[in-house]
Every structure is written in C-alpha cells, then in structure tokens.
Amino acid sequence: MTTSRIDELAASWSADDPDPALRSELEELLRRNPDARRRFLDHCVAEMALVDALAGATAAPADTSLNSFQAVPATIPRSRSPARWWAVGITAAAALVLVCLALWPGGEPQRADSALVVAVIGTAEMEKDGRRTLLALNAQIPVHSRVLVPQGGLLVLTYADGTTVAMDGATDLVLAHADGAKHLRIAQGHCRFVVTPQLAAQPLRITSNDAVIEVVGTTLVVTVDADTTDVDVKIGTVRISDQQGKTRLVQSGESQVITRGTLLPTTALPATVPPTTVLPTKLITPAAPPVRDQSREIVVTTAMGDGADAMVAGTGLDRELINTGGSKTMQIRHNEWPGACYVSYVRLVWPQDQQHTITGAKLRLVSAKHLKDGCTLRIHTLIEGYSGGHDGVGAPEAGENWREGNAVWEPLADSITGDTAPAFIESRGVIDEEIANFLGEMVIPADTPADSDIEFSNDALLAAIAADKDGRITLILSAAPALDSSILHVHTKESGDRAPALLLTLSHSSP
Amino acid sequence: MEETPITQSGRIRISLVQFLARQQAMLRGYAYAICGDHHVADDAVQELSLIVAADPHRVLEGGDDAARWLRAVLRNKTLELSRRAGRQRRSLSSDVIEALVQSMDEIDEEAAERHRRMRVAMAECVSALSGDARRVIEGRYCQDQTCEAIAAQVQRTVQAVYAILKRVRISLAACVDQRLIQPDDSR
C-alpha cells in the first residue's frame, strides 16, 4: 500500500464517487492494513478541518496578517439536532467548546478582572502596552489588552464568574474594563458570549463602531464588520444603543442589525426547534391492518389506575425529594437550568391479546392550567425490554433497576425521583435516546386555556404499541429545549372528577 | 498581573473546555470516519460534549480508559444519528468501522498533535485554492451541492467534477502534510 493510493481512495469516498470498485478497494485496505487506517483517520480529521476552513474563508482576505482582519460570515453546517441550537451563529469548532459552558451555571457576579485563556487554536496574540505576545493555554489576559485571533484560529476566554467569550477566526477585541465592569470592544470579528449574571449596576458592555450592547446575564452572538454590527440574542434580554442615542431592548430569539451607527428593525431569529410534529426517530414496523374494519374504542388505563403516574425533575436536592409517583397532575417544562426541567411518565396497561387488531392509538391529555407562553411537548417511549441500570449520573441506586415491563416503580413501589427515573438525564434535564425512542412532538400554543384536550397520534405511537411484548408501555413526556420556561400542567382524565377516564384509545376490528 | 480567583467548579469547567478543545479535531474527524457525513459528525460530537459535560470527572480523571469510553460513546452516537438522519449511504461496513475505532485507540501522541494542528494548516492551504477547484469545493462543502448541480454550474461533466474533487483533496492533503512538517509556532 502506498500513501498515495489510500489518499486517492479516501478522496473518492469523500467525493461520494459511486464507483463500487473503489469503495470495495478502500474497505479491503482498511480491513487489513493498520497504516491505511491511520492515514484514513488523518484524511477524515483533515476533511472536518476543510469544512471549517471553507466556512471561515468564504470572505477571508488573502492577507491574514494580524493587522488586516475582516469579518467572518456566521456559517455553520445546518442544524439537525435539538442540541445544536446552542451553537447557531458560530462555527462548529467554536460551538463545541461552548456547549458545556452554556449548560453550566455560572458563579456569583463579580467585578471585571483579568480573563483566562481556556482554549486556543492558531497563533492568537495579546497586545498590551505596545507589546505583542502569543497567547497560550492558561494565559491571563489583563484589562486594557487587545486580543487578536487570526483567520482559522479560535480563542475562548473565561472570567472567574463563568462569563465566557468564544472568538472565532479574524477577530480583534479589546478588554477595556472600567469602573469594575466588563467592557469589551470588538473592532472586527465574530464572538459568542455566555454571560453569567452581572451586577445590575455594572452590566457587561460590548461596544463596536456602531453600537453599545449592555448585558446583565444572557447568551448572545455578536458579529462586527466595517459598518455593521449584528446581534443575535439566544437567551435573556440585552439593551442596544446606536450612535444616534436610540436605545432598544432586544429579547431572546431576536436579532438586531446596526448599520452605520443606526438601529434597523428587530427581526426574529429562525426557529431552532421545528414547530410541527416530526417523524419518529426509530420506527418499528406496525402490525398489518385488519382486512375488515369495524373499529371500536377501548379505554386504556395507567398502570396505577388512578391518574398520572409520576412527575420528576432535574438535579437538585429539593427536586429529587419531592418527586413521587401517583401525581394527580403532571408538569412538563424545559429550562436552561436542568434542576427546573420537569419530565412526566405515564405507564399504560393495555390488552395485549388484541394486539393484532389494533389500527389506531391516541394519547389524550387535558391541560390542567392556562398555558401562557406555549411549549413543544415531546413524547418518547422507553425501549421495549429495558432492564434498568445506572444512568451514569449521580450515585448508582437501586431505583435505577426499574424495568420497562414493571407495573410499579421499584423499589419504592410508587415513587421515583429525577435521579432514578429511567431515561431521564437529570443533570441535563433531557431524555436519553439510547434507551427511549422518540415518537414525535407537538406544539402546544401560547394561551392554551385550562381543560383543553391535548391529543397526540401518529404512526410511531401505533408502532410502539404494535411492537410491545408485555402489555405495558411507558410514555415519557418532556418539553423541547426552548427559549422560554413555561410549565405545561396536564392530567389524564383519570384524575379529579373529569370522567370518563379515557387516556389512550385503541381502535380495532371485532375479533 | 492581577490574579483571578477561580472556584473549584470553575477549575473543572476550565479543564473540561481545555479537554474538549484538545480533543475536538480528532473527535470530529473520527465521527466523520464512522458516518462519512460532516453534519452528522458535528451533531455527534456536540451531543458527546453534552454527555461529557454531565459527568466531567469521568473524562478528566479517567486516563486511557476514559479516552476509550469517549470513543465508544462517539461511535454509538454517530451511528445512531446517522441512522436517524437516513444518511448511511456512505457509511463503511461495520467490521471496517470496528477496525477504525480500534485504530483510534492506538493513535499516539504525535499523531494526536498532528490532528490538533490540522485546522490551521488546512485554512492556510485552502486560501491558495482558486478557479474551478475553488468553485467545485465550495459548492460541495459550503453549499452542500450534489456533484450533478456543481457540474451544471461549472459546465463540466459529473465525472469531471468527481475528478476535480478528488484531485483537490489529494493536493490539500499534500499541502497539509507539508505544513505539518514545519515546527508548530502557535505555542
């Protein structure tokens, strides 16, 4: 094997060359030759570097010296996963190192101080008192320093209070702190800020040629070029003032452009979570429909027969203690702090002997309170035959031995916590899709009144029931990541005095 | 220079960001090797970083075992996302993927360092591209175009576009190799 041959084959593979002979030769080479595998991995790492290089180089100047920066367009590969919304507006490489920071609660508000370099790619420099020095990992950047990140580079700074700034390539920024507050001046470039709560009297201030942006705690992306500043607010609210003295509050989900010192109309950011029911992720082939359709409906009850089964919440002592099974109403919410993420479980016992006749399934919930801001309800089902196990977070507990086919929560008979609930990653407030199949999601609109019917039905739900082997199915109700924190309160018509106790409808032919 | 007090939680956070920053070039490349799709690879690494953030001690204190665990999770996550996205067309056979994952575990520090330096080297090499080579590769990587669409745009045959793509990738590989031979002046 020569290096050039594996390079050729790898390049063909990346180019999606349809020639099957080339694919076979590549696979055979990779099977038997460790050197070929190493070179192929080299190729793949280079391939991702190429993606980044092209994203950053579309408008890049030929001269990449530190004195001739130009703005980098905010281009990243299109989003597919819900998690990706954190990353919108910055290259994938920069986004990656910020993901964990964005989910990590910050420390106490603190006055401005020197910043610490926590990630660096390329030859980033610091200019202080007319002297330039290369920035290395763990370097402290004192106040009144200028930071220069070259094309293709990446620099991430953090303050002691957790406020973090990720600078993409071709960024020129000055840490011009004053009066104990953090002031950052961007001459050019593309930065993402995750700002932990600041003292109200000392907001973090970002300035450009066009605008002043004041932040007391939020996540935003700022792009600055010669005569335009673009601000995308991901979470929270920022105050932006233009050169004419005009001020505007820009809220989460909004984008503000300031051109030649003048505020343009605020626009909404593209939705990051699709506002429609989406296809299931792991479809199971449903049972074949019966030939003769004389459908009738039957009522399926929760496993405990007396209403909602359980509502659990994310990490945190209080939350873990209050989550008991048998709740009469359930709460569902996503929040940037996982401790405030609420997830509910409904376990259904259904007549398995009629499995072959089932042609339809519908989950029926009732809103228990007026929903002010709306939310996106996501529905998962615990994978068939799940046998429990430590979820990798917190201490292993007996409660994590909960099995998919159980009728009651074990070992506490009727209670679970955020820690013990199967498929709930309490430290992040999300569902583990390794052990839960995503069935779909639906938008519950803002101003949904109490006592509204919430009905969910699709092929994936039907397929999940068709594939069930033990007459019990667990549905997990969660809220998609969103920019608000509204709580959806629901019950299942089994609770309270709202008869009939109809939860899930199965239509089937007469046997 | 004024010292900034850092809490224990802050130290863990910083260590985690440093860890991810050091690993990300390799992880993204490895994910791409498994699925052959840039978008799926980025999604997989991003989801992996969320998993890591949930339990930072596992990777920060786990040594070689942690690195292996990380790659195993990456493999599972990448395959899962690839299936979900319906983008398995370019995926290699499962036995080849397993062999690649094994090779990932055997990557030495020198190779790892080379991977970390590739981003800057590639940016430099890409800046030298021009003409059809530039248009074809931008169409493919920036605009996500099919080779058929690119062929129509540059008024060449589809086979010619495949050939250009391959030639450019091979020349970029050679350029990156050349630059990586030079001493790293970034640190």
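To find a chain, count down the sequence lines: A is the first, B the second, and so on, and within it residues start at 1. Atoms considered below: every heavy atom in the structure, side chains included; atoms not considered: hydrogens, waters and symmetry mates.
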Kindly write out the residues that satisfy side-chain contact (heavy atoms from CB on, under 4.5 Å) with A/Val430, not counting sequence neighbours, or none if the list is empty.
A/Ile425, A/Arg428
Measure distances from B/Leu172 to the heavy atoms of chain A and classify the residue's part below 4.5 Å as side chain, backbone, both or neither.
side chain
For a 4.5 angstrom cut-off between non-hydrogen side-chain atoms, does A/Phe40 reach B/Val96?
no
Rounded to the nearest 0.5 Å, what's the gap from CD1 on B/Ile137 to CG on A/Leu50? Could you check?
5.0 Å
Less than 4.5 Å apart, any side-chain heavy atom of B/His115 and any of A/Asp42?
yes
Is the closest basic N to carboxylate O distance between A/Glu47 and B/Arg169 below 4.0 Å?
yes
Can you sort out the partners of A/Cys44 under disulfide bond (SG atoms under 2.5 Å apart), two or more places apart, ordered by chain and number?
none
Is the shortest side-chain heavy-atom distance between B/Glu106 and A/Pro34 below 4.5 Å?
no
With a 4.5 Å cut-off on side-chain heavy atoms, are A/Asp19 and B/Tyr162 touching?
no
Check: A/Met48 and B/Leu27 side chains under 4.5 Å, non-hydrogen atoms
no
Looking at OG of A/Ser12 and CD1 of B/Ile170, how far apart are the two atoms once the value is rounded to the nearest 0.5 Å?
7.0 Å
Non-hydrogen atoms of B/Cys147 and A/Ala15 that approach each other most closely
SG-O, 3.9 Å
Compare every heavy atom of A/Val45 with every heavy atom of B/Ala25, then report the nearest pair and how far apart it is.
O-CG1, 3.7 Å
What I'd like to find out is whether the side chain of A/Asp16 reaches to under 4.5 Å of the side chain of B/Arg140, using heavy atoms alone.
yes
Identify the two heavy atoms, one from A/Ala46 and one from B/Met118, that lie closest to each other, and give their separation to 0.1 Å.
N-SD, 3.6 Å
Against chain A, label B/Arg167 side chain, backbone, both or neither, depending on which of its atoms sit under 4.5 Å from a heavy atom there.
neither
Which heavy-atom pair separates B/Ser91 from A/Arg23 by the least distance, and what is that distance?
O-NH1, 3.2 Å
Got a salt bridge between B/Lys166 and A/Asp7, using NZ or NE/NH1/NH2 to carboxylate O under 4.0 Å?
no
Plane angle bin for A/His43 and B/Tyr32 - parallel if under 30°, tilted between 30 and 60°, otherwise perpendicular
tilted
Please classify the contact between A/Leu157 and chain B as side chain, backbone, both or neither, with a heavy-atom cut-off of under 4.5 Å.
neither
Minimal heavy-atom distance between B/Ala33 and A/Trp13, with the atoms involved, is O-CH2, 3.9 Å
Smallest separation among heavy atoms of A/Arg37 and B/Ser103, with atom names
NE-OG, 2.7 Å
